[in-house]
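Encoded as structure tokens, the structure appears first; notes follow it.
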There are 2 protein chains.
Amino acid sequence: MSSNHTHNKKNQTLTKNQRIVLNLLQDSGEPLKAYFILDSLKKEGLSSPLQVYRALDKLVELGKIHKVESLNSFIICNNSNCASNTAFTICERCGKVKEIKNNNLTEGVNELVRENKLNITRYNLEFYVVCKSCKIN
Amino acid sequence: MSSNHTHNKKNQTLTKNQRIVLNLLQDSGEPLKAYFILDSLKKEGLSSPLQVYRALDKLVELGKIHKVESLNSFIICNNSNCASNTAFTICERCGKVKEIKNNNLTEGVNELVRENKLNITRYNLEFYVVCKSCKIN
DNA sequence: TTACGTATGTAATAGTATAACATTAGAGGT
DNA sequence: ACCTCTAATGTTATACTATTACATACGTAA
Ligand SMILES: [Zn+2]
Ligand SMILES: [Zn+2]
Ligand SMILES: [Zn+2]
Ligand SMILES: [Zn+2]
């Protein structure tokens, strides 16, 4: 098993630690916390918080994952390369998070930014909701 | 000095701890961190993190202050009772935070929410900028 | 008064994130 | 192949942020 060599073009340049963290987030689809990731990947060889945080930092920088600030959690990017601009809905009851597709949002945000004369470099929007399954119960 | 009795109508119902924390944030105008607040108010009698966090929680709940999620900091509300909906600009270089006035934003956000069929209960918007003084240097 | 909800005080502990430093791996040029 | 530079790693320790648990006091309304 040639160690740092994948056949997935998208993950090509990632290191081993970055790759296993990304895969976990990808498989999960949910926001995960750093120390949960650490625990989950002990068997893959991760042994310290820094290994996780360094991988997370890089993946955030690459736009492959995002940090959900109000949950101290990290989630796989559901668009193609937001890089810096992010928007989520977060269920207030169960914590379920969905990333809002850029395409749907871009125009609206641009208008908002223009009207308010904000000279922004990037944004992070968190919309709190009560998700369907929580609304029923 | 009758202890739990102010002449400021707005702060009337606050307890001593809540009041001194609010005053500090009011005087500062900047986002402050919980443990900084604790240190600053040791001389006023605060002696444990919990006293600070409890006051902060209550003030957030009342909409008198807000938490700036990505900075783990708290800032005085610059509007009148946002309660739940907040929007900030945050300087990426120096960390300076400004709350965006509700009035300017409400319509734009409403439109954004409507267009994206978001059924929200509240929102928190963080716009990152490079502030004037940072742009010069 | 009694009862109830809210706030306090205090100590301990849980959860999140970074500093510092020595070492290693990989990419690119010669 | 060899050198060099940059980025990533491993490891330990520590800093920073926030909550649990429990005993006590306070304010208000029946
Ligand atoms: Zn994304
Ligand atoms: Zn839910
Ligand atoms: Zn406000
Ligand atoms: Zn600045």
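Chain letters run A, B, ... following the sequence lines, proteins first, then strands; residues in each count from 1.
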**Difference in axis direction between the ends of the helix from dT1(C)-dA30(D) to dT30(C)-dA1(D), five pairs, 10°** =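 Its terminal axes enclose an angle near 40°.
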Taking all heavy atoms of Cys134(B) and all of Arg93(B), pick out the closest pair and write down the distance.
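Residues Cys134(B) and Arg93(B), closest heavy atoms: O-NH1, 3.1 Å.
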Heavy atoms of other groups near [X] [atom1], more than 12 under 6.0 Å:
{"X": "Asp57(B)", "atom1": "CG", "value": "yes"}
{"X": "Lys117(B)", "atom1": "NZ", "value": "no"}
{"X": "Asn119(B)", "atom1": "CG", "value": "no"}

Provide, to the nearest angstrom, the distance between the [atom1] atom belonging to [X] and the [atom2] atom belonging to [N].
{"X": "Leu46(A)", "N": "dT12(D)", "atom1": "CG", "atom2": "C1'", "answer": "17 Å"}
{"X": "Lys16(A)", "N": "dA7(D)", "atom1": "NZ", "atom2": "C1'", "answer": "17 Å"}
{"X": "Glu69(A)", "N": "dA18(D)", "atom1": "CD", "atom2": "P", "answer": "12 Å"}
{"X": "Leu41(A)", "N": "dT9(D)", "atom1": "CG", "atom2": "C1'", "answer": "16 Å"}
{"X": "Arg54(A)", "N": "dA17(C)", "atom1": "CZ", "atom2": "C1'", "answer": "12 Å"}
{"X": "Leu59(A)", "N": "dA8(D)", "atom1": "CG", "atom2": "P", "answer": "11 Å"}
{"X": "Ile37(B)", "N": "dT17(D)", "atom1": "CD1", "atom2": "P", "answer": "11 Å"}
{"X": "Lys58(A)", "N": "dG26(C)", "atom1": "NZ", "atom2": "P", "answer": "16 Å"}

_Side chain of Gln18(A) - closest among dA8(D), dT10(C), dT8(C)_ =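 The nucleotide sitting nearest to the side chain is dA8(D).
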Practice prompt. List the steps, then state whether side-chain hydrogen bond (donor to acceptor under 3.5 Å, both in side chains) holds for Thr86(B) with Glu99(B).
Written response: CA-CA 8 Å; Thr86(B) 53; Glu99(B) 186 171 5; over 6 Å; no
Is Leu46(B) close to Val21(B) at the side-chain level, that is, under 4.5 Å between some pair of heavy atoms?
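Counting from C-beta outward, Val21(B) and Leu46(B) do come under 4.5 Å.
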Is Lys96(A) salt-bridged to Glu30(A), cutoff N-O under 4.0 Å?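 No.
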| message | Under a 4.0 Å threshold between the charged nitrogen and the carboxylate oxygen, would Arg114(A) count as salt-bridged to Glu111(A)? | response |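 Not counted as a salt bridge, because no side-chain N and carboxylate O are separated by less than 4.0 Å.
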Using OP1 and OP2 only, check whether a side-chain N or O of [X] sits under 4.0 Å from [N].
{"X": "Thr15(B)", "N": "dT8(C)", "value": "yes"}
{"X": "Ser47(A)", "N": "dT11(D)", "value": "yes"}
{"X": "Gln51(B)", "N": "dG9(C)", "value": "yes"}

*Could you walk me through whether Ser70(A) and Tyr128(A) pass the side-chain hydrogen bond (donor to acceptor under 3.5 Å, both in side chains) check?*
CA-CA 11 Å; Ser70(A) 61; Tyr128(A) 292 84; 2.7 Å; yes
Under a 4.0 Å heavy-atom criterion, the protein footprint on nucleotides 11-16 of chain C, written with B, S and -, is B----B
Assign each of Phe74(B) and Gly45(A) to its nearest nucleotide of DNA chain D by heavy atoms, then name whichever residue's nucleotide is nearer the 5' end.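 The 5'-side residue here is Gly45(A).
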